[in-house]
Student: 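I'd like to ask some things about the structure below.
Side-chain atoms are counted along with the backbone in the values below, which use heavy atoms only and exclude waters and symmetry mates.
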Amino acid sequence: MAHTNIANQQGMSRDEQAAITRVIARAGQLLQAYNAESRIIEQTTERLGIAFGLDSVEIALTSKAIILTSRFNDHCVTTTRTMKAHGIDMGIVCEVQRICILAEKQIYGLEQIKLRLDNLAVPKYNPAIVAFFVALSCACFSHLFGGDSFVFIMTWFTSFVAMRIRQWLTQLHHNLLTVFFITAFIATFIGSFAVGFGWGNAPELVMVTSVLQLVPGFPLINAVSDMVKGHVTIGMARWMTATLLTLASTLGIVLAMQLAQLGGWL
């Protein structure tokens with residue numbers, strides 16, 4: 001596809017530099033919104049800047065915004081973008097990196113990249129199918145921990161119901177802490193019946209494994225990775241988010257167990 005490559009130009013106007021900066025900031029904003037590692041955000045924005053002829057790109061990341069400065073012939077353009085979390089989606093992260101490679105290979109020009117970034121499609125999966133496989137993964141854990149077929153089935157059912165409620169609450173745009181609290185409460189409360197009635201060889205596994213869907217593993221991994229690589233501030237912010245989600249889940253589990261004990265079946 002024919003286009004004008006800015007990297008080959010002898011000069012660059014301030015308007016061109018500002019346009020490039022906005023596109024790079026958009027790419028960084030998408031990466032951060034979909035939970036990319038901080039080092040990946042830095043590398044991708046730097047590579048895009050070099051691909052379009054900038055001397056350098058410097059970016060500062062916070063938990064809610066990115067501050068990006070581009071430099072060309074001692075002219076600097078700085079922009080700030082706020083970040084609204086969209087959840088974890090490595091598909092979007094990979095697509096942004098793929099767009100960066102297309103820019104480096106001079107296949108896409110600035111306008112094509114801007115259009116591609118503005119029209120990134122988030123994959124839509126059938127919620128019931130997602131819940132089915134999430135529940136299946138929890139049930140497999142119960143089997144690995146020694147549960148029999150009845151425990152496996154009960155864990156799948158409990159996890160499926162909890163996951164569907166979690167999806168429903170998320171669609172209603174409830175606070176994520178509230179979603180985790182209610183989901184953990186429902187999963188534990190339903191699982192407590194298996195313990196109360198002695199269903200299966202290890203009914204307590206239903207309560208234990210049905211809430212594994214709430215473990216914030218990805219945020220914790222990214223938090224540690226960020227702190228190890230020098231991004232302490234955003235790493236601590238991600239760590240605190242994961243900690244709060246874990247605390248909300250714990251409170252839901254404890255409340256469900258207390259109610260089950262008061263009801264006399266646990």
Student: Is there a path of hydrophobic side-chain contacts, each under 4.5 Å between heavy atoms of I, L, V, M, F, W or Y residues, that connects Leu212 with Val134?
Tutor: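 Different hydrophobic clusters.
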Student: Do you know which two heavy atoms are closest between Ala194 and Met154, and how far apart they sit?
Tutor: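 Between these two residues, the closest heavy atoms are CB-CE, 4.3 Å.
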Student: Has Gln112 got a side-chain atom pairing as donor or acceptor with Gly109's backbone, closer than 3.5 angstrom?
Tutor: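 Yes.
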Student: Using modelled atom types only, decide if a donor and an acceptor are shared between the side chain of Arg22 and the backbone of Thr79 within a distance under 3.5 Å.
Tutor: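 No, because the side chain of Arg22 does not come within donor-acceptor range (under 3.5 Å) of the backbone of Thr79.
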Student: Is any NZ, NE, NH1 or NH2 atom of the basic residue among Glu58 and Arg71 found under 4.0 Å from an Asp or Glu carboxylate oxygen of the other?
Tutor: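 No salt bridge links Glu58 with Arg71.
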Student: Would you call Leu102 and Arg116 a side-chain contact if the rule is heavy atoms closer than 4.5 Å?
Tutor: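 Leu102 reaches Arg116 side chain to side chain.
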Student: Taking Leu68 as the starting point, is it possible to reach Val77 by hopping between hydrophobic residues whose side chains are less than 4.5 Å apart?
Tutor: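 Result: no, two separate clusters.
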Student: Should Met227 and Ile221 be counted in the same cluster of Ile, Leu, Val, Met, Phe, Trp and Tyr side chains packed under 4.5 Å apart?
Tutor: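 Hydrophobic grouping puts Met227 apart from Ile221.
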Student: First locate atom CG of Asp89, then atom CD of Glu95, and finally report the distance between them rounded to the nearest 0.5 Å.
Tutor: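 Those atoms lie 10.5 Å apart.
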Student: So with a 6.0 Å cut-off around CZ of Phe218, is the heavy-atom count from everything else above 12?
Tutor: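 More than 12 within 6.0 Å, yes.
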Student: Is it true that Arg39 and Glu42 have a side-chain N and a carboxylate O under 4.0 angstrom from each other?
Tutor: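 Looking at Glu42 together with Arg39, the answer is yes, because their closest N to O distance falls below 4.0 Å.
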Student: Evaluate the criterion side-chain contact (heavy atoms from CB on, under 4.5 Å) for residue pair Thr82 and Lys64; output intermediate values, then yes/no.
Tutor: CA-CA 6 Å; Thr82 57; Lys64 286 295 183 182; over 6 Å; no
Student: Determine whether Thr45 and Arg47 satisfy the following criterion, side chain to side chain donor-acceptor pair (under 3.5 Å), listing intermediate values before the conclusion.
Tutor: CA-CA 5 Å; Thr45 52; Arg47 289 166 56 191; over 6 Å; no
Student: Between atom CG of Leu48 and atom CD of Gln97, what is the distance when rounded to the nearest 0.5 Å?
Tutor: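 CD of Gln97 is found 10.5 Å from CG of Leu48.
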Student: Exactly one of Ile153, Ile190, Thr158 should register a side-chain contact (heavy atoms from CB on, under 4.5 Å) with Val206. Which one does?
Tutor: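 The option that passes is Thr158.
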Student: Measure the spacing between CG of Asp55 and CD of Gln17 and express it to the nearest 0.5 Å.
Tutor: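 These two atoms lie 8.5 Å from each other.
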Student: Just wondering, do Val211 and Ser249 contact through their side chains at under 4.5 Å, heavy atoms?
Tutor: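 No, their side chains stay 4.5 Å or more apart.
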Student: For the hydrophobic clusters of this structure (ILVMFWY residues joined by side-chain heavy atoms under 4.5 Å, transitively), does one cluster hold both Leu251 and Leu169?
Tutor: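 Both belong to a single hydrophobic cluster.
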Student: Quick check: closest heavy atoms across Val57 and Gly49, and the distance to 0.1 Å?
Tutor: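 Closest approach of Val57 to Gly49, heavy atoms only: CG2-CA, 3.7 Å.
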Student: To the nearest 0.5 Å, tell me how far Ser70 OG sits from Leu54 CG.
Tutor: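 One gets 5.0 Å once the value is rounded to the nearest 0.5 Å.
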Student: Are any side-chain N or O atoms of Asn73 and backbone N or O atoms of His75, one a donor and one an acceptor, separated by less than 3.5 Å?
Tutor: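 Judged by distance alone, no pair lies under 3.5 Å.
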Student: Below 4.5 Å, heavy atoms only, C-beta onward: do Phe152 and Cys140 meet side chain to side chain?
Tutor: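 Yes, close enough: below the 4.5 Å cut-off.
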Student: Nearest 0.5 Å, please: how far is SG in Cys94 from OH in Tyr34?
Tutor: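 Answer rounded to 0.5 Å: 13.5 Å.
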Student: Going through the checks in order, is the side-chain contact (heavy atoms from CB on, under 4.5 Å) test met by Ser38 and Gln43?
Tutor: CA-CA 9 Å; Ser38 298; Gln43 290 176 336; over 6 Å; no
Student: Quick one: ring-ring contact (aromatic ring centres under 6.0 Å, His included) partners of Phe160, sequence neighbours excluded?
Tutor: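 Counting only residues at least two positions away or on another chain, Phe160 forms a ring-ring contact (aromatic ring centres under 6.0 Å, His included) with Trp156.
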Student: Could you label the plane-to-plane angle of the Phe193 and Phe189 rings as parallel, tilted or perpendicular, counting under 30° as parallel and over 60° as perpendicular?
Tutor: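 Phe193 and Phe189: perpendicular rings.
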Student: Can you name the nearest heavy-atom pair linking Arg14 to Cys76, along with the distance?
Tutor: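 Answer, listing the atom of Arg14 first, then Cys76: NH2-O, 3.0 Å.
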Student: Does the Gln213 side chain pair with the main chain of Ser210, one donor and one acceptor, at a distance under 3.5 Å?
Tutor: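 Flag set: sc Gln213 to bb Ser210 pair under 3.5 Å.
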Student: Without swapping roles, check the side chain of Asn201 against the backbone of Gly146 for a donor-acceptor pair under 3.5 Å.
Tutor: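 The answer is yes, because a donor-acceptor pair under 3.5 Å joins these two groups.
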Student: Is there a donor-acceptor contact under 3.5 Å from the side chain of Asp148 to the main chain of Gly200?
Tutor: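 Not a single qualifying donor-acceptor pair exists.
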Student: Are side-chain heavy atoms of Ile24 and Phe52 found at a separation under 4.5 Å?
Tutor: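 With C-beta onward as the side chain, the pair stays apart.
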Student: Got a donor-acceptor contact below 3.5 angstrom from the Ser225 side chain to the Asn222 backbone?
Tutor: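 No.
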Student: Judged by atom type as modelled, is there a donor-acceptor pair below 3.5 Å linking the side chain of Arg166 to the main-chain atoms of Ala184?
Tutor: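 Looks like no, no N/O pair under 3.5 Å.
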Student: Do the side chains of Ile20 and Leu110 get nearer than 4.5 Å, heavy atoms only?
Tutor: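 Yes. Closest side-chain heavy atoms under 4.5 Å.
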Student: Please give me the minimum heavy-atom distance between Leu205 and Ser142, naming the atom from each residue.
Tutor: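 That closest heavy-atom pairing would be CD1-O, 3.7 Å.
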Student: Say whether, by atom type as modelled, one donor and one acceptor occur between the side chain of Gln32 and the main chain of Gln29 under 3.5 angstrom.
Tutor: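 Such a contact is absent between Gln32 side chain and Gln29 backbone.
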Student: Please report the closest heavy-atom contact between Asp226 and Gly235, naming both atoms and the distance.
Tutor: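 For Asp226 versus Gly235, the nearest heavy atoms are CB-CA, 3.8 Å.
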Student: Side chains of Thr155 and Cys138: closer than 4.5 Å at any heavy-atom pair?
Tutor: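 Contact flag for Thr155/Cys138 side chains = yes.
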Student: Do Ser192 and Met207 make a side-chain contact, defined as non-hydrogen atoms from C-beta onward lying under 4.5 Å apart?
Tutor: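 They are in contact (side-chain heavy atoms under 4.5 Å apart), so the answer is yes.
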Student: Could you tell me whether the side chain of Val130 reaches within less than 4.5 Å of the side chain of Gln167, counting heavy atoms only?
Tutor: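 Counting from C-beta outward, Gln167 and Val130 do come under 4.5 Å.
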Student: Closest approach of Ala65 and Thr80, non-hydrogen atoms and distance?
Tutor: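 Looks like CB-CG2, 4.5 Å.
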Student: Within the distance-only criterion (no hydrogens, no angle test), does the side chain of Thr183 pair as donor or acceptor with the backbone N or O of Phe180 below 3.5 angstrom?
Tutor: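 Here the side-chain-to-backbone pair does not exist.
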Student: Hey, is CE on Met90 packed in by over 12 heavy atoms from elsewhere, all under 6.0 Å?
Tutor: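 Counting other residues, nucleotides and ligands, CE of Met90 exceeds 12 neighbours.
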Student: When hydrophobic residues are tied together by side-chain contacts of less than 4.5 Å, even through go-betweens, does Val232 share a cluster with Leu61?
Tutor: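 Val232 and Leu61: separate clusters.
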Student: As an exercise, state the distance from NE2 of His231 to CD1 of Ile41, rounded to the nearest 0.5 Å.
Tutor: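 These two atoms lie 8.5 Å from each other.
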Student: Less than 3.5 Å apart, any donor N or O on the side chain of Thr78 or Thr69 sitting next to an acceptor on the other?
Tutor: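 A donor-acceptor contact under 3.5 Å links the two side chains.
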